[in-house]
Structures are given as structure tokens and as C-alpha cells.
Amino acid sequence: MTMTKNRDITRQAATTNDVASPVCGGECKFITRDVNVFYGEKQAIFDVSLDIPDRSVMALIGPSGCGKSTYLRCLNRMNDLIDICRVEGTFLLDGEDIYSGAIDPVLLRARVGMVFQKPNPFPKSIYENVAYGPRIHGLAKNKADLDEIVETSLRKAALWEEVKDRLDAPGTGLSGGQQQRLCIARAIATRPEVILMDEPASALDPIATARIEELIDELKENYCIVIVTHSMQQAARVSDRTAFFHLGRLIEEGPTEQIFTAPREKQTQDYITGRYG
Amino acid sequence: MTDRTEQKPSETAKDATAENAAADIDANGRIDWHSPQMLARLRRRHAANRRMKFIGLAAILLAAGLLSILVGSLLKSGLPAFRQTFITLEFDLKPELVKPDNMRRGKWRKIVKEGLLRALPEDMRNNRKLKRKVLKIVSRSAPYALRDHVMKNPHLVGRIIPFDVLASDPYDQFNKGLLPEYVGAGERKRPNPKLGGPEVVRAFRVLKEQKRVSLPFNWGLFFNADSRLPEAAGLAGAIVGSFLTLLVTFLISFPTGILAAIYLEEFAPKNRFTDFVEININNLAAVPSVVFGLLGLSLFIGFFGVPRSTPLVGGMVLSLMTLPTIIIATRAALKAVPPSLREAALGVGASHHQMVFHHVLPVAMPGILTGAIIGMAQALGETAPLLLVGMNAFIPDISNMGITEPATALPTQIYSWADSPERGFVSRTAAAILVLLGFLLAMNTLAIWLRQRYSTKW
């Protein structure tokens, strides 16, 4: 009850003020305002307002338990699955409030794809892994169409050459790095606008990590990518903008270069120089 | 530093094994790994290890020993029933005895008696005492078996045909060496009255010398219906009855159980009501089966008027019993599906229903099937509720069995046989238990195989 009430209030505020974004003007994919997230009584995120530009990479960094993953999971309403989780605030995807009921969460998750920390392909064939999303959303008219979507997605995920001869083999039989790229292909297959990545390389070795990072670099030509990472080098390498979270608050957000070379806040400075975290 | 070494003993004083814990830490805080206290503690720890291993091994050996005594005694008394004594005789099918126009009124006993006497030498044939008792050698069912054979083949009338007839139960036992020729000892030693007297035993010996007595595998145990005569009694009625009952149980409890579990685990809101339902399902699993039998008797038979003694009502009662097992196993299997798979499915935009039926259920299926089969195996061995709904009918004819016809089941058949006074039923009962155990073993093997074969490799 309280949840919907609070959300109504914030939404009204958002629409009447007609939130204009200072960082990305008309090119903002996501505009989020006054985000508060609670797990039961415990508040995990405090008043976070963040704008995420299209066709770029936004990195969320911060020590463990700082709320960056929680924030990320709000963007495609994955937190809905947790009974005790309560989300307040405004989330506008292309100007539409994703929590208002205007967008069904099922369709939202097709538009906002997600790649998880641990590669989690379905225990089905490689082909089925990629084809599943398009099939349930009815994105392919026929088999040939679906085959094409599968091929393009696997190509974009830089996996096609390695698996084109064994599309019927189980996806779980691939190596860790290949599995993660398969998960990226699976996310791409529903033609999302945004791809959320929750520490996508933390379970991978350095070579596989490098491939994923190259891939992120290519994907940002077409997609808005939000990546949570523990590795500051990774954030520095792949992202255009970086947001630093600490204890559930957004401490600082800005172009990656500025965050890493000339942070405005002392906390950011301490974190990126490794004083804590 | 000194503070700490002084404090340590008082801190750990309650821990009996660490009474002298700090004794081997010197003033510099260095630990002496080879101090006598340290070594003694280490020995105690290893001894505890060995003790635990020994006790565990002893428990397993005890269990295995008891099990082998059980199975051993069953085999000892049950194995003889897997073979059956037959006697090959020639029967003269004289038309005046057969009565070809109405064979049911033929003098079949007389034909069998003559067949027996024909095989015996002249002097025995004329022994009046033997003449009176010679039919003791063959089963009382033999005349009917011969009649049925001739009714099926009417062209045999008027001929002399060889035919295998069942030996009577005492002579079957005697032939297997399970029944002594004499009873009593010393002064009171006398011929065993069950065998009908020494002249009948002599006649049987003659038949045996003529190689007319055989001891083949007892197919009748599986293909004959029940009978009052142990030598003719078989498990066919019970096997068919158990199969029909389990079929009803499966059809009711499998879909209901799985759907209930899916709803509770995946769709139901978590609140007091669903907690209450969950607790009661767990309680139901612990309710004694006889209570379900009473429920079936009063509700299904008494109130709804389901025909009694039938596989239908038996299956309904057993499905009440199997439901909690299936629900609990299914919920456990669904819970065991890794959350990452659910996230993966929802992450590409699958609806809740699609996530459950496309991804979670296939992964959980081996576990669900295992639980269901184990529940069915439990139901197969259940006796009390079936007795209460009257599923221990005497079924001498299996030609018209159906789910609404009176029937019996394997465990209730065992129960009735165990209650029978005839000696032949002792080994028949043990054999029936072995057959039941065989079915249970087969079902559990199937469950294990399904789990191995279809479990998802990650």
C-alpha cells in the first residue's frame, strides 16, 4: 500500500517537473530520480538520482554491499522477484515510467536485457538458448527468420565462429567465457535497447575477460550498456561514464576519465586509490 | 601479551577438551606444536574419529545382518514355492464317463482315479484300501483341470491322452522333502496322516520310479488366480488388482500432487494461509495409513457410494496417502532448481508461467518422478487401508477384473494367505512376499535410473 502511494507521489513530481537531464539532454535512455530501495525494514539505496545516456557504457562501482547491483536490478524490475524488496522512486525508460504499469515487466525485460555474474545458460542446446527469447516474444515469423536471429546474435556476441558447427550441443557444455558470451547473445536476441551486466567477467579468467570487454566496446555502438564491476581497471577500460556508490548512496557520477583522474569527492578518491573497499 | 596468556584459560574453561589450552603457548605467544598436551589432544581427536567410524560401520553391519536374516528366511521358506510337483498320467476319456453332450456333468473324478490306477502295477491296482485313497496323490483341482482341457479340445474324447496334473499339497511338500513320511518319535512313530497311509506313499514312489513325477518352475504362481487349494493358488488376481489400484492412484495423485506443489512453490503468495497448508501437508505425510483407510471407508464408500472392495476405491484411498509424498518431493525438486536459471528465464522476458513450465519443471522432473515412484512403491506395499475398504476379496477367476470389480492386491493377498491354515500356504506366502519385494525393487531401480538418466548436467 505504502509502496504504491509513495510511488504515485514521486511520479507526479517527476511528470510535473518534466525532468530534464543535465548530462545527456535528449539522448538519455534511463532517467531515475529519488530511488529508495528497502529489503524489509533495511534500506539498501538512499535517494539515488542517475541518468544513463544511450549508446554508451555506464559503469557502477563501489565496495561490496553498496547497492550497485540492487540499483542495476531495479532497471529491469528483477527485484520484483524478491518478496520483501520495495522500490520507490521514478524510473523513466525513454520517458516512460517502468514501474507505473504502462510497461509490462515481461516486455520490459525483453527491452532491457540482462547478463548475470555467473554464466547461466539454459540447460538446452546452444540454438535453443538464443532462440528462446525471440520465440516467446514472437519476434520471428518462421524458422528461417529464427535461424537468422540466432546467427546474428551469436555473431554480435563473437561466438558464432566457435559454435556454428555444434548449435545442437548443450549450452552448458561450453567453457565459462563462451557460456558468458552465449548469455550475451541470448540477451541480444530479443533486440533490447539496454543491456545490464552484473559483474559479467568476475567468474572468468583474464583472457575470457578481455574478450568480454572487447565485446562490450563493440556493443555500445548500438546499445545502452550499464555494467556493475568490482574491478576499477575494468571500469576505466570499458566505460564512458562512471558512478560511484557507497553505503547505498550515489557519491559521485561523471565521465570515467574525470572520476579516475580528478574525483570531486574525497570518498571516491579514497576508493579508487584503494584505501578501502 | 602476558595479559592474553593469563586470560585464555578462564575464557575456555568451560570447554572440557581445552582445559589446558594455553599451557603450550609460551610467553612470546608462540605455539609449541609438539608439547605433550598438544599431542595428547591430537590423539584424542584421532581416537574420536576412529570411534565414530567404528560405530557407523557397526550400525551398517547390524542393519545388513538383520536384512540378510529377513531375506534369507524368506528365501528359505519361499523358494520351494517357485517349483511345483506335477504328475504325468494317461487318461482314458471314455465317452460314457466324459458325457460329451454335457461335459460339466462328466465323471471326471473317476477318470482321474482310473488314470492313477492304470499307472500302478497289478497288485496295487487291486488293493481296495489304496483304491479308496489313491486320489490323495493328486490335487482336488485335477479333475477340473482335465475337464477344462478336454472341453477346449473336444476331439480328444474317446482317446487315451497323456496329461500333467498337479500333485496334492501334501505330496508336493513330500516330493520337495518338506513333509516327513513319519511323525512322532520312538514308540509313537507313525505314518504321517496327511499323506493318507503307507500304501498311498508306496503308490507315489512307484509313480516316481516311472518318472511320472516332475518338479518344473511354478508358472502357476504368477498366472493362476487364487484358490482354496494351495497347490493351485496363484498371484495373478493380486498382481492385476495391484496394477489397477496403482493405476488409479497414479492417475489421481500424480497430476494433483504436481500441480499442488507447483502452485504452492511457485505461484502462491507466502502468507499465513499457505504456511498453514504447508504444515498440514507435512502432517498428512505422517498420518498412519489405517486412518486413511477409515476415511475411505466412511467417505468414499459410505458417503459417495463408491463400490467397495474395488481397485477404484483402493486407489482413491492410496492416492490420499501418496499425495503428501509427491507434493513434498516435488516441492523439494523445485526448490533445488538453481535461482540463476529462474533469473535467466525472467531476464529474457519469460513470464512466470513460461519460466516454470519451460525451464524449472524440466530440470526438476527427474526429482519429481523419483518422488512419485517412491510414493507409488509405498502405496504398493500398503495393506491396512486396503483391508479397511475390503480389498481382500477372494478372486478365483481373473477373466473379468476391472477397476469397479471386487479385487485383491499383493499385500492383502499375502495377508489372506498368511492367515490360511494349509501347510502349502506357508511357502506360498513367503513366495508372494518375495514377488512383492521384487516389484518394489524394480520400482526403486526405475526411480534411480530415471534420476541418473535425466538429471541435468551443469
Side-chain angles (χ1 to χ4, degrees), chain A residues 72-73 75-84 103-124 128-139 153 170-174 176 179 182-192 195-198 203, chain B residues 261-279 330-370 449-458:
Chain A
L72 186 79
R73 292 164 63 93
L75 296 178
N76 67 346
R77 297 188 61 170
M78 276 312 245
N79 285 333
D80 290 13
L81 309 180
I82 303 163
D83 286 333
I84 55 163
I103 304 180
D104 191 284
V106 164
L107 296 182
L108 172 72
R109 292 187 194 124
R111 287 172 62 187
V112 183
M114 188 154 188
V115 177
F116 298 87
Q117 180 171 4
K118 200 168 152 262
N120 57 353
F122 300 132
K124 298 176 190 287
E128 271 307 308
N129 261 284
V130 185
Y132 182 72
R135 190 177 288 144
I136 58 171
H137 294 293
L139 301 183
S153 307
T172 42
L174 298 172
Q179 285 190 16
L182 179 61
C183 292
I184 293 174
R186 180 177 70 191
I188 293 171
T190 57
R191 292 185 226 164
I195 302 176
L196 310 178
M197 297 187 173
D198 191 353
Chain B
I262 290 176
Y263 176 75
L264 283 175
E265 194 59 38
E266 302 286 346
F267 294 98
K270 300 275 175 283
N271 55 29
R272 271 156 191 271
F273 176 70
T274 47
D275 283 350
F276 179 74
V277 169
E278 180 168 357
I279 289 168
T330 305
R331 293 191 67 174
L334 290 173
K335 265 200 194 107
V337 174
S340 65
L341 183 65
R342 296 163 191 273
E343 288 187 333
L346 293 173
V348 295
S351 65
H352 204 93
H353 162 269
Q354 285 169 326
M355 173 194 86
V356 171
F357 285 92
H358 295 172
H359 299 286
V360 176
L361 207 51
V363 171
M365 216 41 177
I368 295 175
L369 286 179
T370 307
W449 182 78
L450 278 174
R451 199 166 49 208
Q452 301 279 338
R453 172 75 181 71
Y454 291 104
S455 62
T456 310
K457 310 275 186 301
W458 296 96

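Labels below follow one simple rule: chain letters A, B, ... track the order of the sequence lines, proteins then strands, and each chain is numbered from 1.
There is no contact between B/H352 and chain A, counting heavy-atom distances below 4.5 Å. In this structure, chain B has a heavy atom under 4.5 Å from the side chain of A/L81, while its backbone stays farther away. Residue contact with chain B, scored on non-hydrogen atoms closer than 4.5 Å, is absent for A/R135.
Ring centroids of A/F122 and B/H358 are separated by 6.0 Å or more, keeping the two rings apart.
With A/S153 contributing its side chain and A/I188 its backbone, the two residues share no donor-acceptor pair below 3.5 Å. A donor-acceptor distance shorter than 3.5 angstrom exists from the side chain of A/Q179 to the backbone of A/T172, with no hydrogens or angles considered.
Taken from CE in B/M355 to CD in B/E266, the straight-line distance is 5.0 Å, to the nearest 0.5 Å.
For the set A/R111, A/Q117, A/K124, the entry with the most heavy-atom pairs within less than 4.5 Å of chain B is A/K124.
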